[in-house]
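Beneath this line is the structure, given in structure tokens, with notes to follow.
Residue numbering restarts at 1 for every chain, and letters A, B, ... go by the order of the sequence lines.
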Amino acid sequence: MLKYIGKRLLMFIPTILIISVLIFFIIQLPPGDYVTSYVAAMAAEGEIFTAEEIQELRVYYGLDDPWYIQYFDWMKGIITEGDFGFSFEHNKPVWDVIMERLPLTLAVSFVILVFQYAVSLPVGIYCANHQYSVGDYFWSFVGFVGTATPNFLLAIIIMYWIYVETGEVYLGLFSTEMLANGMRWEYVPEFLFRCLIPLIVIGTSGTCGIIRTVRAQMLDEQSRQYTLTARAKGCSEATITYKYCLRAALNPVVSGLSGSLRTIFSGSTVSAIVMNLQIQGPVLLAALKSQDMYLAGTIVMVQAILVVVGTLLSDIALAWLDPRIRFSERG
Amino acid sequence: MAFFKKKKIEKDESYYLASQWTLMWRKLKKHTLAKISMVILLILYLGAAFADFLAPYGLEEFSSLYKDTAPTKIYWSDEEGNSCAPYVYKLKKENIKGRDENGKLYMETVVTEDTSEKFYLTFFVEGCEYKIFGLIPGNIHLYGLVNEAGEVDRSARINIFGADRYGGCIFSRILFGAQVSLTVPFVSAAISFVLGILLGGVSGYFGGWIDNVIQRVIEVLSAIPSIPLWLALSAAIPPDISVSAMYLYITIILSFIGWTGLARVVRGKFISLRNEDFVMAARLAGVSDFKIIVKHMVPGFLSYLIVNLTLGIPGSILGETSMSYLGLGMKAPATSWGVLLQETERLADVAQCPWKMIPLIFVIVTVLAFNFLGDGMRDAADPYK
Amino acid sequence: MDNNNIIEVKDLRINIKIDEGTLTAVRGVNFEIRKGETLGLVGESGCGKSLTSKAILGINEKKCKAEGEIWFEADELGRVDLLTLNPRGKEIRSVRGKQISMIFQEPMVAFSPMYTIGNQINEATLLHITKDKKKAKEISLEVMRKVGIANAEKRYDQYPHEFSGGMLQRALIAMALVCNPKLLIADEPTTALDVTIQAQILELMKSLQKDFGMSILFITHDLGTVARMCDRVAVMYLGKIVESAPAVEIYKNPQHPYTQGLIGSVHKIGTKNQERLFSIEGTVPLALNLPAGCGFYDRCHKRIEGVCNVYDPSLVDIGEDHKIACFACTGCPNAPKNQEVTDK
């Protein structure tokens with residue numbers, strides 16, 4: 001088992017290196033750079049830079065080198081000093097900008113992930129055990145619509161609906177009073193309500209996806225010979241469902257972990273912009289638009305690395321869950 | 001179930017001889033939801049193809065008077081309440097002066113119906129010039145307004161889904177938007193398809209270091225969340241390019257990720273099929289590698305690939321919509337469903353003009369239809385069902 | 001109920017709901033198994049023999065509806081019709097595994113790959129015999145040794161994928177016998193195994209039957225194993241028993257044209273090479289919307305038009321413990337009203 005984990009960890013490093021190269025390459029693709037867009041912005045305000053000044057700025061920010069030199073400098077900074085570069089837009093180190101929102105981003109993503117599994121596992125099992133019942137049809141329908149509705153559109157619909165119902169605008173996780181007065185106990189219910197909206201918006205499609213997977217897997221397992229053996233042995237239906245079927249049905253659910261994480265990051269980017277959440281999505285968009293490349297690159301890279309870590313964790317969990325994988329890896 | 005299959009064969013000899021595609025088609029036709037989805041998609045695509053004819057107004061016909069106005073009210077009966085041919089009133093601007101409950105004087109410009117003249121809803125009305133598919137010229141539109149004298153009058157407008165912030169007809173713009181939003185995923189699916197088969201095939205067939213490299217690239221691409229990646233790529237699209245170039249860029253960006261899943265499937269199938277008896281038999285019979293791949297291996301999983309592609313289309317629709325929505329894709333005056341949805345960005349706008357959410361219904365219905373169709377196709381392609 | 005009988009199946013019918021209608025897979029089956037005897041249930045695939053055996057335990061899929069009576073002399077419940085028990089209920093579960101247990105065709109898929117063999121065998125012990133885990137493990141280990149699993153302690157903690165097919169079948173038998181059942185249902189237990197392993201497993205079952213003193217319902221399509229294993233044989237065709245007799249009688253003196261065909265299609269050592277094996281023409285018809293008359297009518301070489309395709313024969317005694325359902329052999333029905341006529 002340890003050897004297996006070690007092997008996975010070793011494969012982790014080249015993957016991350018390739019990810020960083022690819023992301024850096026993509027991020028620097030737009031013609032021009034931060035200096036260009038900054039100079040253009042200044043020119044609009046009447047401040048004209050000379051060609052020499054522009055060149056000077058480029059050298060200062062290290063933007064005159066070819067992209068691979070810039071990449072190596074960037075990587076060197078990350079590896080040797082933990083320096084992820086400088087955010088031109090925010091005028092401070094990238095890492096500081098990211099840390100402003102990373103904890104909340106992670107918290108939101110984690111809560112959504114937990115929410116997804118907490119809802120979808122019981123519902124999926126229920127649907128499989130009551131195949132073709134009213135409940136099953138209901139959830140299948142919800143599942144289909146849920147997976148089909150793009151989440152940022154769902155955000156618009158839900159925000160509109162809440163606005164029509166209550167006349168209040170619930171944008172962001174914190175109200176203006178909360179931001180002004182700091183957190184107080186009396187704000188907790190409203191805060192929870194505000195959290196519920198992104199949870200539903202971002203979590204729905206993933207949840208519906210997992211419900212469908214769990215249902216299909218459970219049905220598949222229920223038709224296996226070994227459930228018949230267990231039944232013939234005198235096992236109760238609960239034992240058959242939870243000890244046998246669920247255990248086997250968990251495999252694809254676990255291996256879908258990194259996919260879920262990826263969907264959450266992906267979905268939260270646009271939805272966060274719509275709902276004005278204080279997580280990384282809006283920062284990423286602004287950074288991309290202003291060509292604040294180190295910031296944009298680092299945000300995408302952090303997300304990608306988290307997904308890779310998710311893959312690693314699900315691989316380990318799978319090996320722990322399924323004796324067959326454990327043994328094939330040992331040999 | 002053994003009984004059941006036997007009966008089928010006895011009853012219908014053609015079952016034996018039917019090709020894989022015929023069988024799939026038969027099973028698909030039994031899938032009600034997939035069938036409904038197919039009809040809906042057909043209507044949507046026809047709508048996009050004949051948008052110029054179906055839309056009462058062209059892409060650049062705005063009317064500032066109609067800015068943010070609700071769907072035009074159509075009257076089916078005259079003032080006395082007798083039913084008559086459907087007609088509408090045109091709008092007029094009115095400056096009103098008044099005092100509010102605190103006695104304060106205020107001034108306001110309101111847009112109201114001008115009931116002095118009726119405009120009748122008529123089919124096949126002359127309107128702006130167009131060329132369907134860039135070939136067939138015309139100026140007849142499915143419906144439009146004529147005044148009481150029976151002449152075409154451009155001052156009155158009929159916006160059945162309301163108007164956007166520039167005073168354009170949302171219905172017309174949905175049709176024109178469909179030309180982009182409905183075809184981008186298809187073109188990018190086609191690119192993904194070619195790339196997926198090519199790279200997956202190379203990976204599975206040659207193995208070795210090529211396989212390793214391609215596998216690593218796939219792993220990396222599928223680790224990066226798709227929307228941030230799309231956004232990053234679309235930020236690289238040079239501004240001020242033509243609509244068609246923008247279209248091309250967007251499709252390429254969307255296929256950037258689409259191929260990876262497909263390539264993985266193709267590779268897996270190649271590796272497993274390589275050792276199958278029928279491939280071995282073909283090889284022993286002296287069939288060339290190329291022919292084995294094209295004639296024996298690919299048909300075995302083609303249906304599977306097509307199903308995968310169909311299920312991938314909703315993702316690309318969503319991608320295009322999000323990119324345009326965030327201002328990184330199509331830009332006005334060119335339009336797509338994402339561009340139309342930009343109007344819903346501010347909640348206050350939506351609250352005042354709920355009809356601006358209508359394009360959203362189209363996005364959701366399309367995505368749902370593709371999902372149902374893909375699901376039906378998956379069931380149909382499964383020989384064990 | 002005859003005290004010698006461990007189980008009596010009376011007029012068992014199993015209907016399966018499918019999209020096209022209701023398929024009657026088992027159409028009135030009657031048989032009984034005596035204490036300590038082995039009854040062979042023989043027939044082609046799809047004739048309903050597996051459904052019949054699973055109906056005894058009530059473990060058929062939900063869409064299969066069983067009617068009729070299955071009388072069993074249960075320990076706590078006394079004489080009980082198993083079909084009246086709730087298939088998900090406690091009572092039938094106390095019968096399953098403990099008093100009637102079952103072994104399956106494919107040992108490779110009969111165990112869950114997720115748990116050790118020991119865990120899965122022990123489950124039965126814990127359910128029915130003792131709640132004491134230590135004791136249960138000892139009992140399980142002992143049975144594992146008894147069925148010939150060498151190195152049982154080590155094997156106990158291994159997973160199914162570490163076992164060979166023959167070993168898994170032994171483990172499956174151990175699991176079935178751990179509670180010392182009165183009746184063992186063996187559903188083609190050797191079909192998926194190598195021929196040499198088959199012989200070993202059959203020998204094992206025979207010797208265990210002596211040790212445990214149980215009855216066996218042996219389901220197979222292989223007449224060779226029947227000869228080796230069974231005291232009595234019931235031949236099933238299209239959801240009905242067409243002939244039942246002591247094993248020796250069936251081989252020496254088959255009466256029903258279908259049985260004769262089955263026996264004729266078995267290769268016998270000592271026959272001339274040139275002689276072609278007999279084969280029964282045609283295929284089994286679909287049990288959906290069956291025409292009236294004998295199910296074997298279309299394929300029968302002895303059929304009597306106007307009789308066999310109008311009335312459905314039922315089992316008639318023709319000798320010592322020998323029953324047969326065939327008009328060609330027992331004579332035409334002179335009083336059609338007494339005959340069961342299948343609805344169209």
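- I19(A) touches chain B through backbone and side chain together, each having a heavy atom under 4.5 Å away.
- Looking only at heavy-atom pairs under 4.5 Å with chain A, the residue among G327(B), G315(B), A369(B), P354(B) that has the most is P354(B).
- Taken to the nearest 0.5 Å, the CZ atom of R216(B) stands 5.0 Å off from the OG1 atom of T15(A).
- Looking only at heavy-atom pairs under 4.5 Å with chain A, the residue among V363(B), N371(B), L318(B), L360(B) that has the most is L360(B).
- The OG1 atom of T311(A) sits 7.5 Å away from the CD atom of E219(B) when rounded to the nearest 0.5 Å.
- Put simply, the side chain of V350(B) does not reach to within 4.5 Å of the side chain of Y163(A), judged on heavy atoms.
- For the pair I224(B) and F265(A), the minimum side-chain heavy-atom distance is 4.5 Å or more.
- Between atom CG of residue L288(A) and atom CG of residue L231(B) there is a gap of 6.5 Å, rounded to the nearest 0.5 Å.
- Annotation: the span from I156(A) atom CD1 to Y325(B) atom OH amounts to 4.0 Å, rounded to 0.5 Å.
- Between P225(B) and Q303(A), the closest heavy-atom pair is CG-OE1, 3.6 Å.
- Most heavy-atom pairs under 4.5 Å with chain A: of the set T366(B), I317(B), D375(B), L221(B), this distinction falls to D375(B).
- Interface remark: L153(A) contributes backbone and side-chain atoms alike to the contact with chain B (heavy atom separation under 4.5 Å).
- Looking only at heavy-atom pairs under 4.5 Å with chain B, the residue among G281(A), G310(A), A304(A) that has the most is A304(A).
- The residue among V300(A), I299(A), L285(A), N276(A) with the most heavy atom pairs within less than 4.5 Å of chain B is L285(A).
- Interface remark: M301(A) contributes no atoms to any contact with chain B (heavy atom separation under 4.5 Å).
- In this structure, S266(A) contributes its side chain and I227(B) its backbone to a donor-acceptor pair below 3.5 Å.
- Contact of I23(A) with chain B is made through the side chain alone, with heavy-atom distances under 4.5 Å.
- Annotation: side chain of F152(A) is in contact with side chain of T321(B) (closest heavy-atom distance under 4.5 Å).
- For the residue pair L368(B) and V145(A), the shortest heavy atom distance occurs at CD2-CA, 4.1 Å.
- Both the backbone and the side chain of P228(B) come within contact range of chain A, each with at least one heavy atom under 4.5 Å from a heavy atom of that chain.
- Summarising the geometry of L326(B) relative to K289(A), their closest heavy-atom pair is O-NZ, 3.0 Å, with the distance given to 0.1 Å.
- Expressed to the nearest 0.5 Å, how far CD1 of I361(B) lies from CD1 of I157(A) amounts to 8.0 Å.
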